[in-house]
Amino acid sequence: IWFMKYRDYFSKWEQEGIIDLKHELAEVLMLIASRCLLGKEVREKMFEEVSVLINDLCKNGMHFISLFFPYIPIPAHRQRDKARAKLGHIFHEIVRSRKISGQVEDDVLQKLIDSKCMEDGRSMTESEITGLLISLLFAGQHASSSAASWAGACLISHEKYLAAAVEEQQKIIGKHGQHVDYSILLEMGTLHSCIKEAIRMHSPSAMVMRHVKKNFTVQTREGYSYEIPEGHTVATSIVVGNQLPHIYKDPHVYDPYRFGPGREEDKAGGKFAFTSFGGGRHACFGEEYSYMQIKVIWSFLLRNFELKMISPFPEEEIDKFIPGPKGRVMVSYKRRLLVST
Ligand code: HEM
């Protein structure tokens with residue numbers, strides 16, 4: 001499904017041209033989210049409307065200030081709340097109409113409708129389903145779109161790794177032709193490392209937070225001890241963690257081979273060395289899904305287009321808690337069809 005969606009989407013590109021990579025990837029990922037998460041009602045009848053509302057939600061609800069003061073009355077929060085209310089109304093209606101008509105679909109929305117509460121076996125209410133669906137979209141779509149853009153910006157700007165990723169695609173085409181499936185995606189080790197390195201350097205999530213349920217002690221590498229009392233909230237910076245020089249050699253250098261055989265700096269660094277997807281019981285459950293969809297996009301683009309970055313390498317959106325590349329990421333493209341080596 002993903003491969004077909006991407007092929008359809010990118011078929012509207014001309015023989016050659018210039019695009020804003022960030023905008024294109026956000027659009028195509030929204031299409032995928034609407035196919036896999038939201039269901040055919042949104043896809044067929046209200047894709048435009050829902051895309052605009054989700055964009056409003058992401059644009060206005062991702063400021064750092066929202067993390068600490070989520071209800072502070074600022075214009076961005078008013079826009080966010082308006083979009084959330086409208087989305088709530090739309091999903092409420094969809095869930096209600098599926099329940100009344102008995103219509104069953106193969107999507108995440110249906111899984112939520114059919115699920116039962118572990119504690120008392122009851123079904124979820126329409127407003128609980130709506131809330132979960134929106135938080136899934138919020139958690140997934142925006143982070144994946146940021147990661148896919150960073151992955152592209154890093155790849156296109158580093159000729160050595162771009163060439164290695166293209167060569168890997170050529171070898172895979174030699175083995176499997178243009179067909180791509182789950183097991184073929186697993187063979188794309190170089191592309192996987194290029195994406196992972198972009199996510200390490202430009203993590204879509206800035207920090208992970210936990211509420212302390214029991215006192216505990218933290219021991220630092222320098223030998224200092226800190227008591228963390230129950231009731232406190234602790235936060236760890238993913239950005240700092242992913243750049244620690246005792247774990248990552250030359251952490252500011254884009255070097256996808258650091259994850260490869262013989263180095264595996266993330267694994268050698270211990271369980272929590274790579275925290276872009278968090279860790280422990282509440283680690284991101286969309287990690288594998290994200291890598292898969294970003295690999296499908298980038299294998300498709302590498303096979304079908306020659307790409308060149310024509311704007312400067314983007315800065316981070318430091319005022320957002322899911323930071324993407326700041327401004328537009330302008331890329332020129334030319335169609336090609338990659339063949340095996
Ligand atoms: C590159 C893309 C993504 C990144 C970088 C990312 C990152 C994160 C991070 C850092 C957390 C917090 C983990 C923690 O507190 O330990 C998280 C949680 C979560 N993510 Fe993702 N995420 C991505 C994509 C997705 C996708 C595609 C989905 C769903 C389709 C998703 C669903 C979730 C959910 C539901 C949680 C909450 C888990 C819990 O609290 O138990 N994420 N994600």
Side-chain angles (χ1 to χ4, degrees), residues 1-2 5 21-22 25-26 28-39 42 54 57-58 61-62 64 67 91 107-112 115 118 124 128-155 185 191-213 233-243 256 259 266 270-298 316-317 320-325:
I1 291 170
W2 286 355
K5 283 266 165 221
L21 186 67
K22 187 170 129 181
L25 294 178
V28 77
L29 281 161
M30 186 60 219
L31 271 170
I32 297 302
S34 82
R35 171 64 185 81
C36 300
L37 302 177
L38 302 183
V42 168
I54 287 169
L57 201 61
C58 292
M62 296 281 185
F64 252 113
L67 194 61
F91 291 132
D107 52 34
V108 170
L109 173 57
Q110 192 66 45
K111 300 269 179 296
L112 294 176
S115 64
M118 269 163 62
M124 279 195 279
E128 285 166 339
I129 295 173
T130 302
L132 277 173
L133 203 59
I134 293 177
S135 52
L136 257 186
L137 257 184
F138 203 63
Q141 203 275 338
H142 199 68
S144 292
S145 158
S146 158
S149 305
W150 281 121
C154 290
L155 248 183
L185 286 178
L191 182 57
H192 188 96
S193 296
C194 289
I195 297 167
K196 185 166 180 176
E197 177 68 339
I199 294 176
R200 178 190 71 83
M201 294 183 78
H202 306 282
S203 175
S205 294
M207 66 171 104
V208 175
M209 293 166 91
R210 292 288 185 272
H211 185 70
V212 181
K213 293 241 170 126
T233 297
V234 288
T236 168
S237 164
I238 299 177
V239 179
V240 173
N242 281 353
Q243 306 268 347
F259 299 116
D266 56 328
K271 206 166 150 197
F272 298 114
F274 182 80
T275 50
S276 288
F277 293 93
R281 185 183 292 186
H282 286 285
C284 175
F285 70 56
E287 177 172 357
E288 208 184 333
Y289 173 96
S290 303
Y291 275 119
M292 269 200 311
Q293 65 177 355
I294 299 172
K295 276 202 279 190
V296 176
I297 294 183
W298 277 102
E316 303 256 354
E317 285 175 323
K320 304 273 170 68
F321 64 87
I322 300 200

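Whatever order the structure lists ligands and atoms in, that order sets their numbers, starting from 1. Throughout, residue positions are numbered sequentially from 1 according to the sequence presented.
For the atom pair Asn242 CG and Ser203 OG, the distance stands at 6.0 Å (nearest 0.5 Å). Rounding to the nearest 0.5 Å places CG of Asp266 at 10.0 Å from CZ of Arg200. Separation of atoms OG (Ser144) and CE (Met292) is listed at 11.0 Å; rounding is to 0.5 Å. Between the CG atom in Leu133 and the CE atom in Met124 there is a gap of 9.5 Å [rounded to 0.5 Å].
Atoms of ligand 1 found under 4.0 Å from any heavy atom of Val208, numbered from 1 in the order shown, are 14 (C), 15 (O), 16 (O). Counting atoms of ligand 1 from 1 in the listed order, those under 4.0 Å from a heavy atom of Ser205 are 7 (C), 8 (C), 9 (C), 10 (C). Annotation for ligand 1: atoms under 4.0 Å from non-hydrogen atoms of Ala143 are 1 (C), 2 (C), 3 (C), 4 (C), 23 (C). Each of the following atoms of ligand 1 lies closer than 4.0 Å to a heavy atom of Gly278: 10 (C), 13 (C), 14 (C), 16 (O). Close contacts of ligand 1 with Gly279, meaning ligand atoms under 4.0 Å from a residue heavy atom, involve 16 (O).
Taking only nitrogen or oxygen atoms, main chain and side chain alike, Ile294 does not reach within less than 3.5 Å of ligand 1.
The option with the heavy atom closest to atom 29 (C) of ligand 1, from among Leu29, Ile32, Leu136, is Leu136. Of the candidates Met207, Glu287, His282, Met292, the one placing a heavy atom closest to atom 37 (C) of ligand 1 is His282.
Of all the heavy atoms of Ser290, the ones lying under 4.0 Å from any atom of ligand 1 belong exclusively to the side chain. Contacts of Tyr289 with ligand 1, taken as heavy-atom pairs under 4.0 Å, involve the side chain alone. Of the heavy atoms in Arg210, only side-chain atoms (C-beta onward) come closer than 4.0 Å to ligand 1. Counting heavy atoms under 4.0 Å from ligand 1, residue Cys284 touches it through both backbone and side chain.
In terms of protein heavy-atom proximity, atom 4 (C) of ligand 1 is closest to Phe277 CE2, 3.4 Å. Nearest protein heavy-atom contact of atom 26 (C) of ligand 1 is Gly140 CA, 3.3 Å. What sits closest to atom 10 (C) of ligand 1 on the protein, heavy atoms only, is Ser276 O, 3.3 Å. Nearest protein heavy-atom neighbour of atom 32 (C) of ligand 1: Ala139 CB, 3.7 Å. The protein non-hydrogen atom at the shortest distance from atom 1 (C) of ligand 1 is Ala147 CB, 3.6 Å.
The minimum heavy-atom distance between Ser149 and Pro325, with the atom names listed, is CB-CG, 3.7 Å. Counting all heavy atoms, side chain and backbone alike, Pro323 lies closest to Pro204 at CD-O, 3.0 Å.
The shortest side-chain heavy-atom distance between Ile134 and Leu57 falls under the 4.5 Å cut-off. Between Leu191 and Tyr291, the closest side-chain pair of non-hydrogen atoms is not below 4.5 Å. Residues Trp150 and Ile199 fail the side-chain proximity criterion, which asks for heavy atoms closer than 4.5 Å. Side-chain contact between Ile129 and Phe91: absent, with no pair of heavy atoms (C-beta onward) separated by less than 4.5 Å.
Within the 4.0 Å heavy-atom shell around ligand 1 one does not find Gly280.
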Next on the checklist: Is there a side-chain contact (heavy atoms from CB on, under 4.5 Å) between Ser146 and Glu317? Walk through the geometry before answering.
Outcome noted: CA-CA 10 Å; Ser146 158; Glu317 285 175 323; over 6 Å; no
